[in-house]
There are 2 protein chains.
Amino acid sequence: MKISIPIVFIADDDSSVRKGLERLIKSAEFKVETFASAEEFLQRKPYRSGPSCLVLDVRMPGLSGIDLQKELIQKDTSTSIIFITGHGNIPMSVEAMKNGAVDFLPKPFDEKELLSAIIRAIEKSDHIRKNDDERAKINCRVNTLTPREYECLRWVISGMLNKQIASKLGVTEKTVKVHRGRVMHKMQTASVAELVRLAQKCGITPPKK
Amino acid sequence: MKISIPIVFIADDDSSVRKGLERLIKSAEFKVETFASAEEFLQRKPYRSGPSCLVLDVRMPGLSGIDLQKELIQKDTSTSIIFITGHGNIPMSVEAMKNGAVDFLPKPFDEKELLSAIIRAIEKSDHIRKNDDERAKINCRVNTLTPREYECLRWVISGMLNKQIASKLGVTEKTVKVHRGRVMHKMQTASVAELVRLAQKCGITPPKK
DNA sequence: TACCCTATTGGACTAAGGTCCAATTTACAC
DNA sequence: GTGTAAATTGGACCTTAGTCCAATAGGGTA
């Protein structure tokens with residue numbers, strides 16, 4: 001059983017806004033951390049104890065909110081973003097949404113609106129986290145495969161028979177059976193069906209004939 | 001080989017805008033059709049010869065652009081939407097993007113911007129179409145399965161052995177083999193690996209143990 | 001009632017997958 | 001040079017999967 005505590009980050013250069021938001025969000029039983037700039041947020045070590053979201057002011061001195069969003073896309077984090085802004089415009093909001101923001105709220109906004117956006121953002125983050133976790137676990141197993149085993153895995157998930165794989169690899173059917181057995185063992189799967197699903201989850205594709 | 005001609009629909013109540021857009025988009029070698037209202041567009045029989053997108057004015061008398069978008073989400077069409085607007089606001093653009101719009105352009109916009117959005121929209125539509133097509137084909141096969149065969153399919157893609165499936169269904173292993181053979185034949189697959197992939201594409205899930 | 005579809009099973013095989021033990025070869029690191 | 005990991009193969013066996021032919025039984029329709 002893994003602990004999973006959601007957290008809401010706030011990044012805004014206006015301290016009164018930070019305090020107001022912090023009070024509001026804490027009242028909704030969320031853990032909160034505030035930052036006065038994008039740079040300050042980037043300093044923080046990645047949060048790993050649960051899903052997270054960032055309530056982010058679009059316009060700030062230094063790195064802007066939009067810039068920060070782009071930074072965060074690079075480092076693959078599960079933190080979902082909600083923008084708030086006093087002086088936004090349509091192209092800005094559209095760009096933010098295209099880049100995966102959960103919401104974009106012009107001030108003044110309804111408190112309920114923000115809280116509902118936060119809930120959606122946390123759910124999205126949680127979803128991403130779970131997927132990432134699963135993929136990471138599978139990749140750990142994949143990394144224990146030798147090159148030949150990996151190659152073999154790809155042919156197996158293509159649905160080929162051992163004898164066909166053998167001829168592809170230029171070895172005997174016997175050898176393929178051994179590799180295949182080791183693949184199943186290392187991947188901790190009991191059936192080809194499971195193997196196909198695992199492979200799919202971490203983007204391993206069957207070779208083209 | 002299937003013909004695939006992209007088309008761009010335009011829905012705007014202002015006829016001068018329609019004409020201007022039509023000229024522009026035709027100059028980019030796209031087939032174009034124009035509509036003076038959302039209702040008029042809904043009248044049109046669904047376009048099936050290729051990918052399509054809709055350049056849509058947000059504000060129109062009668063059904064608005066946003067309303068039309070919601071309508072189109074219901075009827076599952078592959079038509080992707082690009083909004084254009086003279087008097088939009090942020091919440092409107094955010095809502096449109098949340099609902100899957102490819103872009104949201106306030107007037108006046110750069111012609112290149114619109115054309116690039118159209119290209120992205122057509123690509124997206126094409127992608128959706130291809131997925132839908134594939135799913136439809138698979139579903140045709142699935143629909144030829146008898147209830148028992150379908151049940152059997154779900155157990156097979158869970159990776160279970162024939163004897164295990166047999167005990168789940170309360171029949172002999174022999175019977176499972178027969179069903180299973182028919183499933184493979186009807187689904188036109190030669191391996192469990194392929195079967196798993198097909199099932200996944202049309203949302204068939206393995207039963208929980 | 002005759003007919004068809006579905007579901008079920010048996011017999012008799014054939015082929016494919018998987019495992020245990022053992023051995024050889026090669027490449028690369030210490 | 002010795003050791004280790006990877007790749008390869010053989011033999012012997014057992015388990016699964018898949019197929020052909022044949023047969024029975026129940027439900028529903030023309």
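Every chain is numbered from 1, with letters handed out A, B, ... down the list of sequences.
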Legend entry - Evaluation steps, salt bridge (charged side-chain N to carboxylate O under 4.0 Å, His left out), between A:Lys130 and A:Asp133: CA-CA 5 Å; A:Lys130 281 179 181 151; A:Asp133 271 15; over 6 Å; no
Inset, instruction - Evaluate the side chain to side chain contact (heavy atoms under 4.5 Å, CB included) criterion for residues A:Lys163 and A:Glu173: first the C-alpha distance (whole Å), next the side-chain angles of each, then the deciding distance (0.1 Å), finally the verdict. - result: CA-CA 5 Å; A:Lys163 63 169 64 172; A:Glu173 189 181 340; 3.9 Å; yes
Inset, instruction - Start with the C-alpha gap between B:Asp103 and A:Lys98, add the side-chain angles, then the distance that decides, and say whether salt bridge (charged side-chain N to carboxylate O under 4.0 Å, His left out) holds. - result: CA-CA 8 Å; B:Asp103 217 330; A:Lys98 280 187 194 167; 2.9 Å; yes
Inset, instruction - Evaluate side chain to side chain contact (heavy atoms under 4.5 Å, CB included) for B:Phe9 paired with B:Val32, printing each intermediate quantity in order. - result: CA-CA 6 Å; B:Phe9 300 117; B:Val32 175; over 6 Å; no
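For the pair A:Glu149 CD and D:dT8 C1', the computed distance is 12 Å after rounding to whole Å. One interatomic measurement links the two molecules: CD of B:Glu151 to C1' of C:dA7, which rounds to 12 Å at whole-angstrom precision. One atom, NZ of B:Lys186, and another, P of C:dC5, lie 11 Å apart when rounded to the nearest Å. Whole-Å rounding puts the A:Arg180 CZ to D:dT9 P distance at 17 Å. The CZ-C1' distance, from A:Arg182 to D:dT9, rounds to 11 Å in whole Å. Here D:dT15 presents its P atom at 13 Å from NZ of B:Lys177, a figure rounded to the nearest Å. In this structure, the CD1 atom of A:Ile165 is 13 Å from the C1' atom of C:dG18, given to the nearest Å. Rounded to an integer number of Å, the gap from NZ of A:Lys174 to P of C:dA22 is 13 Å.
The pair B:Lys168-B:Glu151 fails the salt-bridge criterion, with no side-chain N (NZ, NE, NH1 or NH2) lying under 4.0 Å from an Asp/Glu carboxylate O. Salt-bridge check for B:Glu22 with B:Lys26: passed, with a basic side-chain N closer than 4.0 Å to an acidic carboxylate O.
Between A:Val192 and B:Val178, the residue anchored closer to the 5' end of DNA chain C is B:Val178, taking for each the nucleotide with the nearest heavy atom.
Taking every heavy atom of residues 138-147 of chain B and every atom of DNA chain C, pairs under 4.0 Å involve B:Thr146, B:Pro147, by number.
The shortest distance between the side-chain N/O atoms of A:Asn162 and the OP1/OP2 oxygens of C:dG17 is below 4.0 Å. Close to D:dT9, at under 4.0 Å from its OP1 or OP2, lies a side-chain N or O of A:Thr175. For the pair A:His179 and D:dA7, the criterion of a side-chain N or O lying under 4.0 Å from OP1 or OP2 is not met.
For the 3.5 Å distance criterion, the side chains of A:Ser80 and A:Ser125 fail to qualify, holding no donor opposite an acceptor.
In this structure, B:Thr172 reaches the sugar-phosphate backbone alone: every heavy-atom distance under 4.0 Å involves primed, P, OP1 or OP2 atoms, never a base.
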